[in-house]
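A short write-up of the structure that comes next.
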Amino acid sequence: MTAVDTPVAAGRPRAPASVGQAVVSVLVIGLVVGPFVPLVYSSFRSKPVYLPGGVFSLGGYRTLFADPAYRTAVKNTLLFAVGTTALAVAGGTLLAILCTRTNLPGRRAYGLLLMAPSVIPPLGLIVGWTAIYGQGGYVTQLLSRNLHLPVWNLSSIPGMTVFGAVVTLPVAYLTVRSTLAGTDSSLEDAARSAGAGPLRVIGRITLPMLRPAILNCTVLIFALCLEILGIPLFLGGPSNIDFYASFLYRSWSNSGTPDPPFVSAGAVLLLVVVSLLLVVRARLSGAEQRFVTVGARSGGVHRPLDLGRWRRPASAAIGVFIAVTSVVPLLGLVLMSFVRVLTTLVAPWHLMTSDNWHAVATDPALRRSITDSLLIAVGGGAASVALVAVAALIAHRSRFPLRRLIAPALMYPRAVPGVILGMGFFWTYLMFTPGSLVRNNLWGEAIALCVRNLTLAYVVIQPSLARIGVELDRAGHAAGAGWWTVARRILLPMLRPALLAAFVFMFVTLLGDYDPVVFLQKPGTEILGVTMLQHWSTGVQGPVAALAVLQVVIVAAVLLVAGRALRRVDHA
Amino acid sequence: STGSSSITTTASSASPPAPTATLARQAASEKGLVVYANVPNQYFQPVIAAFNKQYPAIKVQVTTLDDKTVFAKYEAEAAQGARTADLLVASAPAQWVEAERNGVPAPVTPAGLDAFPSWVNQGHGVYVMSAEPMLLGYNAKLLRPSEVPHTWAQLAADAKADPAKYRMVSYPISNTLDYAGFYGLHHILGSARTQSYTAALAPVTKTYSEGLDQLNQVLQGSASIAYMATGLTQAALRQYKGIAGYVFMQDATPLVPRAAAVTAKAASPASAQLFLDFLYSEAGQQALCRGGFEATMNGFRPQAGCTASLTSLATQVPAKSTYLVPIDQAVLDRQPSITAQWNKAFHR
Amino acid sequence: MPEIRIRNLRKSFGAATVLDGIGFTVRDKEFVTLLGPSGCGKTTTLMAIAGFQSPDEGVIAVGDEVFVDRSAGVDLPAERRDLGIVFQSYALWPHMTVAQNVGFPLSLRKADKRAARERVAEVLDLVELGGHGDRYPHQLSGGQQQRVALARAIAHPPRVLLLDEPFSNLDAKLRERARDWLKQLQTSLGLTTVFVTHDQDEALAMSDRILVMHGGRILRDGTPEEVYREPGARFVAEFLGQCNFLTGSVAAGPAGSSVLRMPAFPDGITVGAAPRGPEATVAVRPQDIELDGPDAPGVDASVIEAVFLGDHYRYQVRVAGLRIEVHAPHTVACGPARIRIPPGAAVFVD
Amino acid sequence: MPEIRIRNLRKSFGAATVLDGIGFTVRDKEFVTLLGPSGCGKTTTLMAIAGFQSPDEGVIAVGDEVFVDRSAGVDLPAERRDLGIVFQSYALWPHMTVAQNVGFPLSLRKADKRAARERVAEVLDLVELGGHGDRYPHQLSGGQQQRVALARAIAHPPRVLLLDEPFSNLDAKLRERARDWLKQLQTSLGLTTVFVTHDQDEALAMSDRILVMHGGRILRDGTPEEVYREPGARFVAEFLGQCNFLTGSVAAGPAGSSVLRMPAFPDGITVGAAPRGPEATVAVRPQDIELDGPDAPGVDASVIEAVFLGDHYRYQVRVAGLRIEVHAPHTVACGPARIRIPPGAAVFVD
Ligand SMILES: Nc1ncnc2c1ncn2[C@@H]1O[C@H](COP(=O)(O)OP(=O)(O)OP(=O)(O)O)[C@@H](O)[C@H]1O
Ligand SMILES: Nc1ncnc2c1ncn2[C@@H]1O[C@H](COP(=O)(O)OP(=O)(O)OP(=O)(O)O)[C@@H](O)[C@H]1O
Ligand SMILES: [Mg+2]
Ligand SMILES: [Mg+2]
């Protein structure tokens, strides 16, 4: 999110480590560009890339623009993206300010709990939400059927926008919070001594100064909204609302001809839009110096802004927010996994069953998918974090000629819907890798999953890297260490907390992600996300809930261990 | 026994079945069987297990994909000469037609077809693995048995009479299964009646296109009826006795084929054919029925418990009310007009 | 401008007592400096006055208004204290122009737009930044930023001006200029001012009164000359500039004075105060000691190091095993020399 | 220890010329200071020597080895220059203990483990941090951190020691102590040292030679006394301490000297150098001017401000419309006084 290029005058004239840097740069750029090559190419062909006899054609683009459903999908996507981004950024910013700058009761606990939506697997969160707040959801039914109250519609654009905002809010919250932690609170004190009350301080000082951080997370969340598939696919369907990604996916899966070019064309257009977003952000943040506090020698912990009589109501509101968005759906999932069906028509204790867990436990693919997913989440997570860490060092702390390409490259995997990226990977594996080197085994799936989520690792690592002064590298060089030695012995160890955080983030995401591997999965290489998707398609949600609960338990265990480790790292 | 008079039987251009012993010998030198199927794993597992009882040496790998992906993945891999599926299983008739045109199926004839209705062979090497009746699922807590409609006419009337009680869910027409079902409905009931029923149902219907999502709505109680639901519902609802049930529509029950074909680029053609042969054997039919697929064998007698078979369907639905949607160009050709009619009724 | 009265201020962070009963009064228009080493509680005291730290105990009042009275439960929020503060980091709002920064306190008070603009121009002129209203803070030099911070603090005339090491980010040259300029401004506007610094030169040059702090207490309170000349405590003497400490036996001298005797100075050192015990330590400033060639009066000594410091030389002199620092404007060659401590140069310290 | 030779160093950032032909030589074991205001290019020069900035033009050589020669395309990477550097921010690695920080340059050179440990202990003793090897940087005070940075810089004996304002983060008191200590260490180890500062006191107190920089050029190069007493340029005079500048007409005086005449000093001011033109400006240090009561010799003047600064008083004196600053150790009452500029106190400046 904060891919602000720290202009590093780490002006070492020549880089003897350039071979290693070249290898990593080419690897990163290759991994990212790889799946896009066939996609972009096929968008200009009359036939899919893998079939002989195609000719150059703009037909794909023409089909797309001629389709009124495409235009509707674009409109829906924009409505959703604007709404979600606005809600998530506003909410995340507000919560970050409340939790770091005011005397809100319970702010420390909230600080952690607000991250919950990002640690519940995405499919699990959708299942949980639909089970509780969906059309047939427990709470919805309770209100509409039993209490005859008017209810919301989760499958409407506003409904999906709210859900989207809940999912993306942690991104905004994290970005803003870390920026706030790095700014001198005496700026706010100065405003108070000038006579401004807490609200004024927030409105006229804190918020305007957060502009770069807000801009960064706005761009990231907006881009995520453009490519999001799960929400329109699972929530939008009943109301026949398509977004960009679901439109492409559905037209693709209903078309008679194999892989029509307009799907690639749609993906390419999305790439262009995201590139434009990156350019706009670079433009807007050009004057960022204006927002960097001058000579930030932080003035220590000062008295937090007093919320006065709003203290308790605000705290209660946040508590309710967390309960409604995370706790209740999570409890719903747990309950669902123990009943035959979660319905208001029959009391749950009449429906108690262990069948869901039994089905999950006896599914022969399940044990494999757990081990495979753990393998990918641990191994792939570690490898991606390592790769992104080194790539970030090259991008921001070296003179390697290609370094300027790396930061934007790391943003692109999240610029197109995962399903389409997966298709690109499938074609690339099919056409460019010798034999079935990676196509037919877990490697292929692992690579696709990891590449798609490189962006996440990068947005966690980059801000921490930016906070490490260049002089620390220089001191290393002066001591006689080359680029790689400095990276290995100074920068990477100092980045440990960020690396660990990035790893946890990757772990959680890799454990639950599924869309890039829809094309790649095959028996013997199942992963949890896909197994869950397949249970879903049998129409019986109990086992899906059981799987989601299982994932949450695994994630919770990992977080617990990581939390311990993080505390130890922080102590060092 | 089942099957209406108008079932299409394309003349077979396929070669006569090879003897099983020869195939088994060839299969021994092949490297297992790869299947791309649109079947949820848990339903297909009994079938594989039964096959492996006969041929323990043949390792069967089933990759579960949606209809479209079954073909897209195969065609891309085949075009590049990569190892790909030996056998495809999918339901979308329209896409099978396209696949036939692209030369996807190999001209293979399974042994034992004599015991089956002739329409099992759809020509070009495509065979109906199961003919699944589209049915109606209902919530037993919301509807008393007497309130459950057994005909489309009744369903349409109920929808008009008590829209609050008869809240319904179904697929959208963009779903290939749903389209096939509607094609069948048009065929059995005629377009005029189908249209009037559709118009009556549209205002009380919400559509879910993913998997068996709509079943959940019925189970949870946000809808009381799921119509034009897939035949797999029979198996899925087994565990919800007392909460939900299903009925076949007496006036029109379209059968949607779940078809299988050995592929032209199969790396294990013999194993694939053995599997196909197995499907059309007594053991295979029993296994399909157990999995929830509709057994199609003439005079099929289900073993304990399983109900999914055309013989048992015949006892519940008059023969003239059933119709197997064929895999042929006509299905493709009528798609725009039927889709448009549906969309109009649903204001889409 | 009102006076500030502070009584018995106490503050602990966990087990650490940071303010240990601070009490003082700043009179109307007075410029008082809190001087002390890092961590002695200067900022904490200032922030307690400003309202950003709640003391555990104590009373703070400005004029008629009680800001803090812990026993009465009074603790006025910062924004209602009407003070001008300049923070060590300046705390200029980077997203506002200079004029917006300075105008902020006025705009909060819903001042008439035009009047506010005039006042901003006036204040900016006052801090000699007339033409810079449209710039952003990052386009200014450190010295200019510091003046903007000051302009902002006085834009809406504050009851009291509080400054926390406002010059510590400036370079030596700028710092001196800024000092003079601030002192002049303070005098001409008649601002009651509390100034925090750990730089003794700054404290001496600017203050009407200096409070020397150490470990959360006030050790010495007086005018710069009083504090410098009569430090009272060894810590104060040392903190206010280099000092030599000599210990010896004391005898009464003529007219209420004393004589300190020690091997290095067998004739004794005359101290202008009556003896307080048989043994005592005196502080002698390096520049008060007379040092000259071997023919001058005084005791025998040896110059072992001479460093040129611009306006004077710094000598390290050895006298009978003692090492004494002497500052003198004139050159003395290394080697044998004579040293003399004139009467009045030495004062008793604890 | 080898000498450093720098010739014609040039560097621009975009349109801004930061180094405009810098050239100087540092002799073996010499302590040379780059002194100048903020932004004059001191750090850039130092970083060019260290290898963190590539000059656009110029030659840098240490001993026999050419580090940089743009015309020959030579530009040795920093890690192969074998220099010791202390950064303004210390740049201690927070994840390593003090011993690991100091031992890092040794471990890079695959030194024998035991020998390395001994060397670390030795160097830590040298910087008086004997028992602190196991602490982490954040557990040390500023002064201690600065010493660790120095220990690290000298652990693997460097060819040259480079220091970029190493004391600017220390408070006044600590800074003075650190100065003495560093100078002593440098002398005893015989380290060739380039020191960067903007603090003239620091430069005067420590250097063998001072290079005064301004706007990317070296204005003056000489020993502290030379630079202070014969600044040559007005900028140098001003930068090295307060200065009064007087302009008048010049006539030849006796024995190669000159006399500067102006209304305030009708008898003229004697300058110890031959006149260079009919008009000239001289610089006079405040402490070189004699100020006394109205009965003393000299011209009539009026004391308008007196500030006590501990070791001296600072007076603002008005003489026939001129405002002159005078420093004197004794008290002079405000009001009429006499002022005198003794021969030799004034020097010509450009
Ligand atoms: N929020 C806090 N929690 C714990 N200790 C604190 C806190 N704020 C200040 N202290 C401690 O209180 C003591 C006094 O701090 P204060 O900031 O008043 O010192 P100071 O005199 O201003 O020092 P400096 O010259 O370094 O600014 C210090 O030892 C500091 O570590
Ligand atoms: N990377 C850069 N890009 C553009 N200008 C730069 C860059 N680095 C330095 N400068 C400019 O070069 C000039 C000299 O910088 P340098 O850091 O050498 O100054 P300095 O003498 O060390 O000053 P200070 O005492 O403030 O540290 C400054 O005006 C600075 O703004
Ligand atoms: Mg302080
Ligand atoms: Mg510098």
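So that the names make sense, note that chain A is the first sequence line, chain B the second, and so on, each numbered from 1. Just so it is clear, the model here is predicted, and its values are computed rather than measured.
Taking a 6.0 Å sphere around CZ of A:R311, one finds it holds more than 12 heavy atoms contributed by other residues, nucleotides or ligands. With a 6.0 Å radius and a threshold of 12 heavy atoms from other residues, nucleotides or ligands, C:D112 has its CG atom above the threshold. Within 6.0 Å of CZ in C:R217 there are 12 or fewer heavy atoms belonging to other residues, nucleotides or ligands.
The list of side-chain hydrogen bond (donor to acceptor under 3.5 Å, both in side chains) pairs with a residue in residues 193-205 of chain A, not counting sequence neighbours, reads A:R204-C:S107.
Nearest approach of A:L187 to C:W93, heavy atoms of both residues: O-NE1, 2.7 Å. Taking every heavy atom of both residues into account, C:F87 and A:D189 meet most closely at CZ-CB, 3.6 Å. Here the closest non-hydrogen pair linking C:E79 and A:G197 is OE2-CA, 3.6 Å.
Interface remark: of the candidates C:Q139, C:R152, C:R80, C:R109, C:R109 forms the most heavy-atom pairs closer than 4.5 Å to chain A.
Every side chain to side chain donor-acceptor pair (under 3.5 Å) that C:W181 has, sequence neighbours left out, goes to C:E128.
With a threshold of 4.5 angstrom between heavy atoms, C:L83 approaches chain A through N, CA, C or O but not through any side-chain atom.
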